[in-house]
Structures are given as structure tokens and as C-alpha cells.
There are 2 protein chains.
Amino acid sequence: MISNKCKYAIKALTYIARNDDGTKAVMTADIALAQDIPRKFLEIILRDLRNNRILESKRGKDGGFRLLRPAEDISLTEIMRIIDGPIAMLPCVSLNYYRSCDDCNEAQCEVKSVFEQVRDRTLEVLNGKTIKSLILN
Amino acid sequence: MISNKCKYAIKALTYIARNDDGTKAVMTADIALAQDIPRKFLEIILRDLRNNRILESKRGKDGGFRLLRPAEDISLTEIMRIIDGPIAMLPCVSLNYYRSCDDCNEAQCEVKSVFEQVRDRTLEVLNGKTIKSLILN
DNA sequence: ATTAATCCTATCTATTTGATAGTATTAATT
DNA sequence: AATTAATACTATCAAATAGATAGGATTAAT
């Protein structure tokens with residue numbers, strides 16, 4: 001399962017991508033209302049995305065958020081890794097968050113290869129998806 | 001991520017499948033030692049698998065656990081669903097644990113179809129895997 | 001009766017999830 | 001300079017989940 005937080009992040013980004021008309025930043029309150037996300041929780045998520053160079057923010061009146069890059073250059077996997085961490089089902093098969101298993105000898109682990117296959121199939125789907133491709137439904 | 005508990009369950013089952021010689025049940029202590037699983041935690045897991053008709057148990061001296069079905073009839077997905085619940089990444093795309101999302105209109109949700117694809121690819125891998133196939137590495 | 005196994009109940013700690021409250025800061029507008 | 005309206009930041013909080021551990025009850029072979 002991905003967290004609600006991660007789903008909110010994705011939905012917020014699609015809303016920003018769709019609604020940034022080039023004249024002004026997109027406000028938290030508008031996103032929260034349109035996408036049904038708790039406002040204060042959304043604030044945290046958006047700041048998190050800004051700290052990870054997905055968004056830029058503008059403070060003060062007429063402030064808000066904007067994509068720091070074109071929507072087609074923001075992949076789903078990047079968002080998922082920022083918000084939830086590893087995508088893989090076992091730490092020992094994670095490409096970006098590898099950790100060894102204390103309780104098994106990886107060379108002879110029976111489960112590792114299965115979850116490597118799951119990881120590869122999952123990434124086949126996710127690697128091609130961007131904020132841009134999501135809003136072209 | 002699957003839980004440690006789920007990984008322990010799978011490893012315990014492979015151990016039982018490999019070591020049931022038909023004469024006596026496999027003991028918790030042996031599994032715990034061989035697979036490096038905390039003994040008391042393993043007890044809970046094995047009882048859970050028994051309650052879900054994966055294992056049968058025998059109490060008292062010479063007691064222990066045994067597969068209730070042939071190893072080739074115990075699928076990985078079944079174990080994962082018993083221990084961790086849904087396999088899908090979103091409740092609204094889960095085949096066995098479906099729940100609707102409060103915050104989105106499923107008909108026009110941008111993320112649903114992506115995670116349906118992930119689900120299908122994941123199940124393509126996992127559906128073919130059984131305790132039997134895992135121990136034939 | 002003894003021994004050795006599972007069964008059961010209760011408990012515990014740490015982490016994560018999913019938030020909320022309140023204040024500080026910034027910046028556009030008047 | 002004052003007002004207004006936005007994000008930024010800090011602190012907290014409650015509930016659920018993860019990952020166990022302890023201790024005694026029950027069962028059954030010898």
C-alpha cells in the first residue's frame with residue numbers, strides 16, 4: 001500500500017499541473033478544496049515536495065506553489081520515493097533504499113528472487129508514468 | 001513493503017515444506033533456529049497460519065506443525081493476504097480487500113489506472129509462486 | 001509423574017500514519 | 001505605513017501497526 005500522504009501528493013501535483021496558467025501560483029487552499037485533502041496536512045506535503053525540488057513556493061499575498069520542472073519530467077517513482085521511501089517489497093531488493101536482511105543469507109534466500117521480479121514488473125509500469133501522463137486521461 | 005512477519009511466515013513455510021519427512025511434525029524451535037526468527041513471534045505467526053488452514057498443529061510432546069495441503073497448493077498471494085492483508089497499492093484497486101477512497105471520484109481518478117496496472121503485473125509474478133516453487137531454487 | 005511441545009492472554013515499546021493548532025514571516029495592495 | 005492573505009515553521013497529538021516478550025495453561029507421549 002502507498003500512504004494517503006503519497007496519494008495526496010500525487011493528486012496535488014496533478015492539480016497544480018492542470019491549473020498553473022503561468023500567471024500566478026496555485027494556492028494550498030484551492031488544492032485542498034478541489035482534491036478533498038485536509039488543508040494543514042497538505043501544507044506539510046507541499047513543503048516536503050518543495051524541499052525535494054519538485055515544487056517552488058512563493059510566500060505572501062498571491063503566493064502558492066508551482067512545478068519547478070515541466071510535468072513530463074516529474075516521474076511517479078520520484079514522488080513515491082520522496083514521500084513513502086522504497087517501492088520494493090523487501091529492503092534487500094530495493095534499488096534506492098537497499099538494506100540487507102539480518103535474518104537471511106541473501107545468496108541462498110528463497111524469497112529474494114520473487115520480489116526482484118515483482119520490483120522489475122512494478123517499475124516497468126511506474127517508470128513510464130509522469131505527472132504529465134497522469135493528467136492526460 | 002511486506003512486513004517482517006510476512007517474510008517470516010514464508011520462510012517458516014518453506015522450512016516446514018523442506019523438513020516434513022512424514023514421520024513427525026516440525027517444531028517451532030527448530031524453525032526459529034534455522035531461519036533466524038524470534039521464537040515467540042514465530043509462535044504467533046504459526047498459530048495464525050493454522051487458524052487460516054495453511055498448517056495443522058499437534059500439541060504435546062513430539063508436537064509441531066505440518067502443511068495442511070501439498071506445498072504446490074499454497075500460493076504466495078494467499079500467505080501475503082493472510083498476514084499483511086491487501087497486495088495492491090491502493091484500497092480502491094484491491095481485488096480481495098477493496099475499499100473505496102473517500103477523497104476521490106473513482107470514475108475520474110487519475111491515479112487508479114496506474115495502480116491497477118501495477119497490481120496486474122505484480123499478480124502475474126506472484127500468482128505462479130507457491131511454497132513448492134520457492135524451495136526448488 | 002515427567003517432559004516437552006503448542007496454546008493463550010496480556011503486555012510492551014517504538015514507529016508510522018494522519019493529522020491539528022498556533023504563531024511567525026513574507027509580500028502584494030491600498 | 002497599514003492591511004490582507006499567503007506560506008513557513010514548531011509543537012503536538014491520537015490511533016494504528018509493527019515487532020516483539022513474558023508467563024502460565026493445556027496437551028500428549030513416554
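Hydrogens, waters and symmetry mates play no part in the numbers below; they use all other heavy atoms, side chains included. Every chain is numbered from 1, with letters handed out A, B, ... down the list of sequences.
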Quick check on DNA chain C: between Arg39(A) and Gly60(B), whose nearest nucleotide comes earlier from the 5' end? Gly60(B)
Please figure out whether Asn4(A) or Ser57(B) has its closest DNA chain C nucleotide nearer the 5' end. Ser57(B)
Closest to side chain of [X], choosing from [options]:
| X | options | result |
| --- | --- | --- |
| Tyr8(B) | dA20(D), dA8(D), dA29(D) | dA20(D) |
| Phe65(B) | dT6(C), dT10(D), dT21(D) | dT6(C) |
| Asp62(B) | dA6(D), dA8(D), dT30(D) | dT30(D) |
| Pro38(B) | dC9(D), dC8(C), dT21(D) | dT21(D) |
| Lys40(A) | dA6(D), dC7(C), dA21(C) | dA21(C) |
| Lys61(A) | dT29(C), dT6(C), dT7(D) | dT29(C) |

Does dC8(C) have OP1 or OP2 sitting under 4.0 Å from an N or O in the side chain of Arg59(B)? no
Report yes if a side-chain nitrogen or oxygen of Ser3(A) is closer than 4.0 Å to either non-bridging phosphate oxygen (OP1 or OP2) of dT17(C); otherwise report no. no
In sequence, state the C-alpha distance, the side-chain angles, and the governing distance for Arg119(B) and Glu116(B), and then conclude on salt bridge (charged side-chain N to carboxylate O under 4.0 Å, His left out). CA-CA 5 Å; Arg119(B) 177 200 65 197; Glu116(B) 280 172 348; 5.0 Å; no
Taking the basic N atoms (NZ, or NE/NH1/NH2) and the acidic carboxylate oxygens, is any pair closer than 4.0 Å for Glu78(A) and Arg69(A)? yes
Do NZ/NE/NH1/NH2 and the carboxylate oxygens of Lys129(A) and Glu110(B) come within less than 4.0 Å? no
Sugar-phosphate, base or nothing in reach of Ile44(A), heavy atoms under 4.0 Å: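 Since a base atom lies under 4.0 Å of Ile44(A), the category is base.
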